[in-house]
Amino acid sequence: MQIIQIVGLGLVATFLALVLKEQKPTFAFLLVVFTGCVIFLYLVDQVYEIIRMIEKIAVNANVNLIYVETIMKIIGIAYIAEFGAQLTKDAGQGAIASKIELGGKILILTMAIPILTVIIETVIQMIPEF
């Protein structure tokens, strides 16, 4: 039932932001940012549990933890970039939001190169030589 609390908080904040936006647009934006941070902090425990479960599965499957950590960092970059881009879009700065998204994509690609290299090398080793 945590989703009900999250949606409830979001709806109350949306209503308040709409009311504040007419009188004090800066406060309305700060309320939106604060609400986003509160929701994120509310979910930190669940994120921690997910990370623990994934690491446990990786250990049981004898997967190198370096790859799991890299994938978790990539997922984190994606979520943080999305969060930042949405906040800047809410502030009316679509161009900056696009740059945040581009930065996130480039960082993800940079972190993924070692994993892609290992996958390509493994595939090449599987191909029989003529």
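- The shortest heavy-atom contact between A81 and G104 is CB-CA, 4.1 Å.
- Electrostatic pairing of K89 and E101 counts as a salt bridge here, judged by a charged N lying under 4.0 Å from a carboxylate O.
- Surrounding CD of Q23 are at most 12 heavy atoms belonging to other residues, nucleotides or ligands under 6.0 Å away.
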Run the side chain to side chain contact (heavy atoms under 4.5 Å, CB included) check on F27 and K21 step by step: do they pass? CA-CA 8 Å; F27 289 136; K21 194 172 188 176; over 6 Å; no
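- Atom OG1 of T14 and atom CG of L31 lie 8.5 Å apart (nearest 0.5 Å).
- With respect to the salt-bridge test (charged N to carboxylate O, under 4.0 angstrom), the residues R52 and E55 do not qualify.
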Please assess T26 against F29 for the test side chain to side chain contact (heavy atoms under 4.5 Å, CB included), listing each intermediate value before the final yes or no. CA-CA 5 Å; T26 304; F29 177 69; 5.9 Å; no
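- Using modelled atom types and a 3.5 Å distance limit, the side chains of Q125 and E121 yield no donor-acceptor pair.
- In terms of hydrophobic clustering, with Ile, Leu, Val, Met, Phe, Trp and Tyr side chains grouped at heavy-atom distances under 4.5 Å, I80 and M111 are assigned to different clusters.
- Within the 4.5 Å cutoff, the side chain of Y67 has heavy atoms near those of the N64 side chain.
- A continuous path of hydrophobic side-chain contacts links L30 to L20 [ILVMFWY only; heavy atoms under 4.5 Å].
- Residues A17 and A28 approach most closely at O-CB, 3.5 Å, considering heavy atoms.
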